[in-house]
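I have placed the structure first, in the form of structure tokens, so that the comments after it can refer back to it.
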Amino acid sequence: MDHPGLPPRPSLRHFDHCPWLYADRATEEQRAMQRDVLRAIGGDTEIGERCYVAESAAVFPDRLRLGDDSYIAAHAYVTDELRTGSHCTLNPFTTVRGDVVLGDGVRIGAHTSLLGFNHSMSPDRPVHQQPLTSRGIRVGDDVWIGSHVVVVDGVTIGDHCVIGAGAVVTKDLPAWSVAAGNPARVLRDRRGDAGASAAASPSAAASPSAAASSSTAASSSAPSDVRQEGRRAPESDPVTGSGAGVGITRHGVETAESRASVSESLGSASAFVSHTGAPGPRPNALAAFADAARGQVAEILDRCWDGGRYVDRPGVAPTVRAHCDAVEIADLLLGTVPEQLSAEEHTARLGALQDPESGLVPEFGEPSPVTEADGFIGEGAALYHVLCVGYALDLLGAGLPHPVAGVRDMTARQLVVRLEALPWDTEAWGAGAWIDTWSTAAHWNLRRGQTGDATLESLFGWLLTRADPWTGMWGSPSAQAGRLQVVNGYYRLTRGSFAQFGLPVPYPERVVDAVLDHARDPRYFGSGRENACNVLDVAHPLWLSTRQLGHGTDGYRSGEIRDWAERQLTAALSRWRSGQGFGFGPGTAGPGPEPGLQGTEMWLAIIWYLADLLGRSDDLGYRPRGIHRPEAARQGVRGQG
């Protein structure tokens with residue numbers, strides 16, 4: 001019973017609409033009911049202290065991080081991924097969907113929508129069947145977003161901004177902006193004339209939107225939890241020198257110290273500013289990087305030599321691929337062989353790994369793979385060994401000593417049956433990887449004078465008639481993975497077939513469209529989420545397609561391609577670890593984040609392709625000659641290798 005003379009205790013319905021009253025005025029019974037509401041929220045959820053979520057709000061997240069003293073008010077609609085700092089408020093009827101990150105002290109007015117996702121709209125299918133894309137929305141600290149505002153996907157709003165009611169925010173807003181209108185535009189600096197002058201000063205600290213304007217440029221080397229916290233400190237990046245934020249957070253994840261080795265390696269030449277003013281490497285930065293890498297390659301290779309064989313990184317078992325990666329790296333940067341063995345010893349060791357009967361190369365300590373009914377295999381490390389051992393021996397001036405029997409003896413009919421059975425709908429990457437191996441084995445066999453032209457022609461005939469005219473690719477996207485499998489499979493497939501044999505790919509414009517669409521997916525290209533496979537599998541298809549379409553300033557979507565390449569190149573250069581090389585990427589995919597031979601070999605090739613998309617690869621002073629060679633290995637099915 002309320003005490004006479006005091007205002008009545010608010011009801012839960014009252015708290016739903018005025019949640020700022022909850023912390024001070026809720027009864028124990030009401031607090032217990034609120035705890036039940038919080039426990040009922042699904043997904044991966046963490047709720048801070050003194051938070052409130054209205055029972056009438058529709059909160060169905062995949063991932064929710066609600067900072068201390070924050071609330072979600074009545075009838076709000078929250079899905080997908082939302083991460084907030086402290087003292088953030090989602091007022092009644094707000095909508096927050098997609099991948100959205102809020103800083104500290106963000107106030108969002110009633111009926112406002114933050115829509116961190118979008119539909120594709122290709123003309124090949126109805127909109128409701130289109131795959132979703134998401135670049136995400138980032139909001140800095142101390143931001144006030146008025147009522148009935150719409151913020152669209154891909155926007156970053158800097159610290160201390162104020163956005164007027166009814167605005168439609170379609171582009172990034174710099175820190176301290178006061179913005180309004182449809183589309184929203186900056187009306188003034190919140191700090192007044194002095195603030196505007198400070199913002200124009202070259203010494204002014206950059207805002208989160210300055211960092212976001214480079215997308216993943218300065219911060220994409222940060223681990224995934226940097227992206228999850230979603231704020232970048234206005235501290236000068238020792239690599240980019242841009243002051244655009246270095247991917248650190250208030251929790252201290254990844255600081256300037258963690259990148260010091262890059263700064264030491266590249267020196268003052270590593271400040272990256274492009275001709276457009278957007279972050280991007282100066283030409284001398286590319287040369288400085290390559291010089292630093294050359295100076296450290298002997299140390300990197302020695303680090304991965306266990307005294308008898310090569311390991312990807314210290315502490316793991318030796319692998320066939322590690323030996324091949326060592327050969328590729330030494331050839332790329334030094335034009336010689338790894339000094340742990342002579343050229344003759346490298347050649348003898350790698351050649352002896354091939355099974356004379358099948359022509360396959362098993363992993364160390366494993367038997368030769370058992371072939372299937374058509375005489376070839378469908379999975380396993382031996383598939384990639386056809387590529388890496390073959391090209392390592394090629395760089396050594398030799399070749400596989402035996403033909404790959406399953407490819408030599410396969411009939412055109414058997415090949416088509418195998419192609420039809422590949423997992424195009426569920427694992428397009430695996431399907432593309434199989435074709436990469438089969439085509440490369442056919443290339444090695446042709447070099448040995450083995451016949452098989454008719455079967456190889458059947459491969460290209462099948463591929464040309466099965467390519468999707470709306471994407472130029474093979475396979476279908478999925479709601480779970482988007483275009484990841486399709487794009488990554490496209491790279492492997494075309495690398496071994498069209499690129500290796502010097503043949504044009506079908507529908508190159510549609511390929512560019514599909515790949516650029518995929519490159520906006522924050523699950524794979526959000527800050528700190530890029531790995532070597534995913535970046536290479538975008539860079540190479542863009543490079544391959546632009547060779548056909550024209551790669552100058554007037555080429556098809558050339559501006560977008562260059563912007564993406566500049567951002568990725570800046571980020572890639574920042575990942576170098578002095579004396580250790582590159583890690584493959586964050587998370588558990590591939591070898592993981594620790595620097596090793598696979599990551600180093602792949603990122604060196606990626607950097608060349610990104611630089612070549614920008615017309616600056618000559619500054620590196622190296623050019624891939626092995627698996628990732630830009631030139632065709634032979635011209636046509638019957639051409640000379």
Look at [X] together with [Y] and state whether they make a salt bridge at an N to O cut-off of under 4.0 Å.
X: Glu530; Y: Arg575; value: yes
X: Arg483; Y: Asp517; value: yes
X: Arg83; Y: Glu81; value: yes
X: Glu631; Y: Arg623; value: yes
X: Asp394; Y: Arg447; value: yes

### Task
Using the test side chain to side chain donor-acceptor pair (under 3.5 Å), find all partners of His346 that sit at least two apart in sequence or belong to another chain.
His323
## Note on the structure
Sorted by chain and residue number, the salt bridge (charged side-chain N to carboxylate O under 4.0 Å, His left out) partners of Asp521 (sequence neighbours excluded) come out as Arg523
Can you tell me how the ring of [X] sits relative to the ring of [Y], calling it parallel under 30°, perpendicular over 60° and tilted otherwise?
X: Phe289; Y: Trp576; value: perpendicular
X: His443; Y: Tyr391; value: parallel
X: Trp543; Y: Tyr609; value: perpendicular

Do you see a donor-acceptor pair shorter than 3.5 Å between the side chains of [X] and [Y]?
X: Tyr524; Y: Asp537; answer: no
X: His628; Y: Glu328; answer: no
X: Gln485; Y: Ser478; answer: no

### Message
Would Asn534 and Asn488 count as a side chain to side chain donor-acceptor pair (under 3.5 Å) here? Give the steps.
### Response
CA-CA 7 Å; Asn534 292 346; Asn488 289 11; 3.0 Å; yes
#### Entry: Centroid separation Trp462 to Trp424 less than 6.0 Å
yes
### Query
Do the ring centers of Tyr622 and Trp608 come within less than 6.0 Å of each other?
no
### Task
Could you tell me which residues satisfy side-chain contact (heavy atoms from CB on, under 4.5 Å) with Pro593, sequence neighbours excluded, listed by chain and number?
none
### Query
Does the salt bridge (Lys or Arg N to Asp or Glu O under 4.0 Å) test come out yes or no for Asp291 and Arg294, once each step is laid out?
CA-CA 5 Å; Asp291 288 344; Arg294 287 187 196 94; 3.0 Å; yes
